[in-house]
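Structure, as structure tokens:
Numbers here simply count residues along the sequence, with the first being 1. Values below: all heavy atoms of this structure, side chains included; hydrogens, waters and symmetry mates excluded.
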Amino acid sequence: MKDISLRKRYVPFPNNGKLIPKLRTIFIVKSFLIIICLVASVSLISYAYNAVVVTNKLVVENISKEEAEETNISHILFGIGGSAKTWNNRSRYSELWWRPKVTRGFVWLDENPQVNEPWPDTFPSYRISQDTSTFKYTCWFGDRSAVRIARIVKESFELGLNNVRWFVMGDDDTVFFPENLVTVLAKYDHNQMYYIGGNSESVEINVFGSYSMAFGGGGIAISYPLAAELAKILDGCINRYHYLFASDQKIGSCVAEIGVSLTKELGFHQMDIQGSPRGLLAAHPVAPLVSMHHLDVYMLNSLIPSLSRFESVKKVIKAYNKDPSRTLQHSLCYDLKRNWSLSVSWGFSIQLYPWLMNARELEMPMQTFKTWKGSEEPFTFNTRPNNVEPCKSPIEYYLDQVVDLPNGETLTSYSIIADSNKQCENQNYRPALAVRMVNVTATILRPQVWRQAPRRQCCEVINEEDSIESNLHIRIRGCNKWESVTPPFYDKYGDFAYFQRMVR
């Protein structure tokens, strides 16, 4: 039974001479097709892998090239806060610094501008801000436009423009100095979260606002990663801080929630002062000039007394275009043959003191202004008195012209303003009053100098034998080793020099 069962289960291979070759052929064909498919699959996988590798390599190389590229003006997206009512008058200030097809950004308006002519190419393009009527705003003495202006950074980010490293906000009466802005921002890693700007000049305004926030008129620079975080929380945050007066207060509060501190740069100028800014600008800190605000506000006088507000700004920008890094940079020197002290603010003004003063006094701004609310003080920096008596005040000269010299230098000329200095009868003043123009030569200041430890450059008075008595020539240069601005006298009381004490 067991054998029969096994025999029944066994099925012999058919003994057919014609069938075996057919099966062999089928087997060979199938094997060949399988091999072809395997080879094709391997080739396709290899090709796809190589394509992915090449693509990734190109992407990585492009990213590496972009990351390796030095920060330049194309990496900055400006967001200018304006309104249809104010833009017609204030647009001229934006035209002074805006560079079509070079600078990127928009002026954000509350409504379409009421113009019958095409939007000028010399203006930044405009965009209309989103409706903010549903946002909460309860500051009784403020304006709801603060909400709209605060959202500019969010709306700018959501445009999704490529190759943006920094979002920079300012007002429609803010004048930026783009090359110097690039110089400042290039110091920082744009892949990190940075919040950069400056405080108000008036202590009372900082107390009202905050010392830990960047003031919007002077300009706010926010790196891309911080803007990305800020865009997520900004709307809810604005509602949380509904009681705050200004847009920059709201932005500063929201940045505080993210945990990023303000990085202060001395070249951002809010200009929260009343009166003449000439004393402040004549003693600019050792830092690139980045911005100036409130240039169209009636409480702030023109930069140059003999010119209108707008024309005086144009004059300074004329010098800036020749040597951006040097603009308003402060230099101090002495004419020891005549015992004169000179304070030079390149591209703006020169102050001549017909006596010797120490560097501590010369580098301190002369108080030609009051606080934003009209008080005599305090400010966030030291000031010295603005003496109005003819024999105690300096002789002031203001920028007249600037020209390029063939040796990579500039020549700036500064003229005395007619009737701006009352006559002083003291005999020490007479030779100084005879000087009607001061000429200054200087080499172009390279932006790389701001990557070094900041140091005020030195200057020297060049007394040529055949020079005209009504002209004075000064040369600005880098300081020599061991060089300092040390007056040739010892004053144990820290007062002015002997002559000035005598005429008091």
Side-chain angles (χ1 to χ4, degrees), residues 68-73 75-76 165-166 176-199 201 211-212 214 218-219 221 223 260-269 280-292 319-320 322-334 341-348 357-365 379-383 408-410 440-460 474-487:
E69 186 180 13
E70 185 93 5
T71 294
N72 58 58
I73 194 64
H75 296 127
I76 299 173
R165 295 182 179 181
W166 296 93
F176 285 104
F177 297 84
E179 283 82 2
N180 291 342
L181 175 63
V182 170
T183 296
V184 169
L185 296 183
K187 296 190 303 181
Y188 301 97
D189 182 0
H190 61 275
N191 294 307
Q192 304 297 319
M193 290 193 290
Y194 276 106
Y195 171 53
I196 301 174
N199 289 146
E201 292 78 9
Y211 278 100
S212 61
S223 63
V260 177
S261 300
L262 173 64
T263 299
K264 297 180 183 180
E265 283 285 346
L266 297 176
F268 290 82
H269 296 291
L280 174 64
L281 301 181
H284 194 273
V286 185
L289 171 65
V290 174
S291 67
M292 287 193 290
Y320 165 78
K322 296 291 186 182
D323 193 348
S325 294
R326 192 178 289 283
T327 306
L328 295 194
Q329 292 310 300
H330 201 194
S331 295
L332 312 175
C333 52
Y334 299 112
S341 305
L342 291 129
S343 171
V344 180
S345 176
W346 190 92
F348 177 59
M357 289 178 64
N358 59 49
R360 180 180 180 275
E361 300 288 343
L362 286 173
E363 74 169 1
M364 200 179 298
F379 300 96
T380 54
F381 46 85
N382 296 112
T383 62
E409 296 184 340
T410 58
V440 177
T441 55
T443 57
I444 301 295
L445 192 63
R446 298 177 299 108
Q448 288 77 10
V449 74
W450 298 116
R451 301 263 177 110
Q452 305 167 6
R455 182 183 183 183
R456 187 180 60 238
Q457 287 212 311
C458 293
C459 67
E460 57 187 346
I474 296 174
R475 177 172 181 78
I476 300 177
R477 54 170 174 76
C479 299
N480 299 320
K481 190 175 183 180
W482 314 120
E483 184 174 7
S484 64
V485 184
T486 304

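- In this structure, C458 and C333 have their SG atoms no less than 2.5 Å from one another.
- Of the inter-residue distances, the one linking R456 atom CZ with S331 atom OG reads 7.5 Å to the nearest 0.5 angstrom.
- The structure places CE of M193 at 11.0 Å from OG of S261, a figure rounded to the nearest 0.5 Å.
- With sequence neighbours excluded, no residue forms a ring-ring contact (aromatic ring centres under 6.0 Å, His included) with Y195.
- Partners of H330 according to the ring-ring contact (aromatic ring centres under 6.0 Å, His included) rule, which considers only residues two or more places apart in sequence or in another chain, do not exist here.
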Only distances under 3.5 Å count here; give the side-chain donor-acceptor pairs of residues 447-455 to other protein atoms, sequence neighbours excluded, each with its distance to 0.1 Å.
from : atom 1 : to   : atom 2 : distance (Å)
R451 : NH2    : E70  : OE2    : 2.2
R455 : NH2    : E483 : O      : 2.9

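- Between T441 and I476, every side-chain heavy-atom pair lies at or beyond the 4.5 Å cut-off.
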Show your reasoning for whether side-chain hydrogen bond (donor to acceptor under 3.5 Å, both in side chains) applies to R326 and Q457. CA-CA 10 Å; R326 192 178 289 283; Q457 287 212 311; 2.7 Å; yes
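- With salt bridges taken as basic N to acidic carboxylate O contacts below 4.0 Å, one links E409 and R475.
- The backbone N or O of P324 sits less than 3.5 Å from a side-chain atom of N180, completing a donor-acceptor pair.
- S291 places none of its side-chain heavy atoms less than 4.5 Å from the side chain of L181.
- With sequence neighbours excluded, no residue forms a ring-ring contact (aromatic ring centres under 6.0 Å, His included) with Y211.
- For the pair T383/F381, a side-chain contact is recorded, criterion being any heavy-atom separation below 4.5 Å from C-beta on.
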Could you please spell out the steps behind the side-chain contact (heavy atoms from CB on, under 4.5 Å) verdict for W346 and D323? CA-CA 10 Å; W346 190 92; D323 193 348; 3.6 Å; yes
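- With hydrogens and angles ignored, the 3.5 Å screen pairs a side-chain donor or acceptor of Y334 with a backbone N or O of M357.
- Applying the salt bridge (Lys or Arg N to Asp or Glu O under 4.0 Å) test to residues at least two apart or on different chains, the pairs with a partner in residues 260-269 are K187-E265.
- With sequence neighbours excluded, the residues that form a ring-ring contact (aromatic ring centres under 6.0 Å, His included) with Y194 are Y188.
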